Amino acid sequence: MQFQTLPGFREFYPDDCLLRNHLFATWKSCARAYAYSEYDAPVLEPLSLYVEKSGEEIVGQLFHFTDRGEREVALRPEMTPSLARLVGAKANALKRPIRWFNISEQYRYERPQKGRLRAFYQFNADILGIAEPTADAELIALLVASLKGLGLGADSVQVRLSDRLLWHVLLKAANLSAEATTAVLAVVDKLGRMPREKSLAALEPWMDDASSWLSGIEAMMREVRDFLALETYFVELAKPLEASDRKFVGARLDQWRILLAELDALGCSPFVQIDLSIVRGLAYYTGFVFEAFEATGEGRALAGGGRYDDLVQKLGGPAMPAVGFAMGDVTVTDLLRAKDLLPRYFEKADVGLVVEPSAPRANALLFAQTLRAAGYSVEMPLSGQSLNKQIKAMRQKGPRLMAIFKSAEEDLATYADGRVELLDVAANVRREIKTDLSLLVPQALAFLQEGTFAEDN
RNA sequence: GUGGUAAUAGCUCAGUUGGUUAGAGCACCGGAUUGUGAUUCCGGGGGUCGCCGGUUCAAGUCCGGUUUACCACCCCA
């Protein structure tokens, strides 16, 4: 009987774990740099939590089953509903702003492809309780910091910024109903990946002259790449609308000014590109939305996020403005590999011991335990290979310090208990002393702390 | 869920129009030499050629199915 992993699931050999931990450590330190607090939630949740948020269609994309208590349950496909529940349940007790982050595995029953598996890790960061665009700016800055922290510069990755509120204005100007708005936004979301004729066909039921409307939209998305163009376009667009709509556009453009000014002051401008072709699939986003992509525009999104001011309330909590993003490990790791940005370090012990087969092991073991108790990692040989073989093998493992325990045979008079050579591996400096822990341990600790051997007395 | 391509050792791959006991490099293990993070030499283990079935005297090679991976759809929270 042979067993293999389920499709879309991964195993992590030590080298893979090293890479994963590198990613996690970077995410975590970035989140801490922005003073976000870590939270966590169950892997298994009631199926209804996701149906409530995303509709029945979602069920086909979930790992779900009925448990022995007849409960319909699902492995979490995303973190946001759980987050909304956590925050909603204690909303009144939580100090604002609520800045939380989480790193965890998510599960989606989808066809695996490049950049998309059935189990993957996500870095989630959210701010709840703040409606101002300062929060959106801070999250985008954290997203940028996370990418930069992995070695990705503005020449490699770009965050594309858009706004669903302005899209609603755009659609209102085309006299679309609320129902049509949802459908049309879904089409707009896919413009880049769908043949134009297909998009047109999808638009035609909702508007009279889909062809010219689409041409106009395409031109707009091409031309509106900075704030000046955005402002000019929407002021012009709003002119024939009602006074309240014109006022709305003016107020929204003010929000844009705040967002962009904050991003500029945060040093993120080189990473951010206004791009109204981003609308993001599902309907719960309510304001600014953004996605991070490889700068060439190729590949799947590295991260995505936006404002979801209604979701906490929809899931049973109080009204609570919110904005957040998620970054997946799969696409990011693919990109880092392509850019040759994966770390090459490997796990090294601080101290590597070598014990000549004829020398007693007890001294070496005690030495190892003493250094371990002092907080250092120490590797002991377990088989009695020849001295040279051990030394060679241990050198390749690259500890900072090697301690070579030799037998006393050559000079019993001076070294009754044998002798130990301490070796500064990097500098190739050796120091040979008696096997006497009261001498050895201080020497070793001095080296580990100072980086060089203490002066001879 | 639909379609296309692929599958030989842990990894990267050879394997001639179907023809004895399926190969190389790297990696791993052992031995010799070598004490300064790829020395050199010798040796070794490891594959029911993804799986099941069919055609044939004979299948890694041809055919069908299946699984998995990749690619394009669907979807992408």
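Given the structure is predicted, the values throughout are model-derived calculations rather than measurements.
- The environment of A:Tyr109 atom OH is sparse: at most 12 non-hydrogen atoms of other residues, nucleotides or ligands sit within 6.0 angstrom.
- Atom P of B:C49 sits at a distance of 10 Å from the matching atom of B:A9, rounded to the whole Å.
- Rounded to the nearest Å, the gap between the P atom of B:G18 and that of B:G46 is 32 Å.
- Rounded to whole Å, atom P of B:G37 lies 18 Å from atom CD of A:Glu379.
- B:U17 and B:G10 have their P atoms separated by 28 Å, given to the nearest Å.
- Taking atom P on both B:U12 and B:U21, the two are 28 Å apart, rounded to the nearest angstrom.
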Heteroatom pairs (N/O) under 3.5 angstrom, protein to nucleotides 30-35 of chain B:
unit_1 : atom_1 : unit_2   : atom_2 : d
B:G35  : O2'    : A:Arg430 : NH2    : 3.2
B:G35  : O6     : A:Lys406 : NZ     : 2.5
B:G35  : O6     : A:Glu421 : OE1    : 3.2
B:G35  : N1     : A:Glu421 : OE1    : 3.1
B:G35  : N1     : A:Glu421 : OE2    : 2.8
B:G35  : N2     : A:Glu421 : OE2    : 2.8

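- If you take CG of A:Leu62 and P of B:C76, they are 13 Å apart, rounded to a whole angstrom.
- When each of A:Ala427 and A:Lys114 is assigned the nucleotide of RNA chain B with its nearest heavy atom, A:Ala427 is the one assigned upstream, toward the 5' end.
- Taking atom P in both B:G65 and B:A6, the straight-line distance is 14 Å, to the nearest Å.
- One can place CZ of A:Arg108 at 10 Å from P of B:C76, the figure rounded to the nearest angstrom.
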Interface polar pairs with nucleotides 1-11 of chain B, N/O, under 3.5 angstrom:
unit_1 : atom_1 : unit_2   : atom_2 : d
B:U2   : O4     : A:Arg111 : NE     : 3.3
B:U2   : O4     : A:Arg111 : NH2    : 3.0

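- Rounded to whole Å, the distance from CD on A:Gln61 to C1' on B:C73 is 14 Å.
- The distance from atom CE of A:Met394 to atom P of B:A38 is 17 Å, rounded to the nearest whole Å.
- Using a 4.0 Å heavy-atom distance criterion, A:Lys198 is classed as a sugar-phosphate-only contact.
- For A:Glu72, the salt bridge (Lys or Arg N to Asp or Glu O under 4.0 Å) test picks out no residue, with sequence neighbours left out.
- For RNA chain B, each stem of at least three Watson-Crick or G-U pairs (distances under 3.5 Å) is given as range with range: B:1-7 with B:67-73, B:10-13 with B:23-26, B:28-32 with B:40-44, B:50-54 with B:62-66.
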Residues 113-121 of chain A side chain polar contacts: donor-acceptor under 3.5 Å, at least two apart:
unit_1   : atom_1 : unit_2   : atom_2 : d
A:Arg118 : NE     : A:Glu110 : O      : 2.7
A:Arg118 : NH2    : A:Glu110 : O      : 3.4
A:Tyr121 : OH     : A:Arg20  : NH1    : 2.8

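- At a threshold of 4.0 angstrom between heavy atoms, the contacts of A:Pro77 include nucleobase atoms, whether or not backbone atoms are also involved.
- Within the nucleic acid shown, A:Gly8 comes within 4.0 Å of sugar-phosphate atoms alone, with no base atom in reach, counting heavy atoms only.
- With respect to A:Arg431 and A:Glu421, no salt bridge is recorded, no charged nitrogen being found less than 4.0 Å from a carboxylate O.
- Aromatic pair A:Phe405/A:Phe367: centroids less than 6.0 angstrom apart.
- Comparing the P positions of B:G15 and B:U39 gives a spacing of 32 Å, expressed to the nearest Å.
- Going from atom OH of A:Tyr308 over to atom C1' of B:A77 covers 12 Å, rounded to whole Å.
- The gap from the C1' atom of B:A14 to that of B:A72 amounts to 31 Å, rounded to the nearest Å.
- For A:Arg225, the salt bridge (Lys or Arg N to Asp or Glu O under 4.0 Å) partners at least two apart in sequence or on another chain are A:Asp275.
- Residue pairs meeting the salt bridge (Lys or Arg N to Asp or Glu O under 4.0 Å) criterion with at least one partner in residues 392-403 of chain A, sequence neighbours excluded, are A:Glu379-A:Lys397.
- In this view, A:Arg222 satisfies the side chain to side chain donor-acceptor pair (under 3.5 Å) rule with no residue, not counting sequence neighbours.
- As rounded to whole Å, 10 Å separates atom P of B:C29 from atom CD of A:Gln396.
- Computed from coordinates, the A:Arg300 CZ to B:C74 C1' distance equals 12 Å when rounded to whole Å.
- Residues passing the side chain to side chain donor-acceptor pair (under 3.5 Å) test with A:Glu204, sequence neighbours excluded: none.
- You'll find the side chain of A:Val420 stays beyond 4.5 Å of the side chain of A:Ile404, heavy atoms only.
- Under the side chain to side chain donor-acceptor pair (under 3.5 Å) criterion, A:Glu105 pairs with A:Tyr107, not counting sequence neighbours.
- The ring-ring contact (aromatic ring centres under 6.0 Å, His included) analysis of residues 176-200 of chain A, with sequence neighbours excluded, yields no pairs.
- Counting only residues at least two apart or on different chains, the salt bridge (Lys or Arg N to Asp or Glu O under 4.0 Å) pairs with a member in residues 313-334 of chain A are A:Arg10-A:Asp329, A:Asp334-A:Arg337.
- Checking B:A77, B:C75, B:C73 against the side-chain heavy atoms of A:Lys190 singles out B:C75 as nearest.
- Here the separation of B:U8 from B:G25, taken at their C1' atoms, is 15 Å to the nearest Å.
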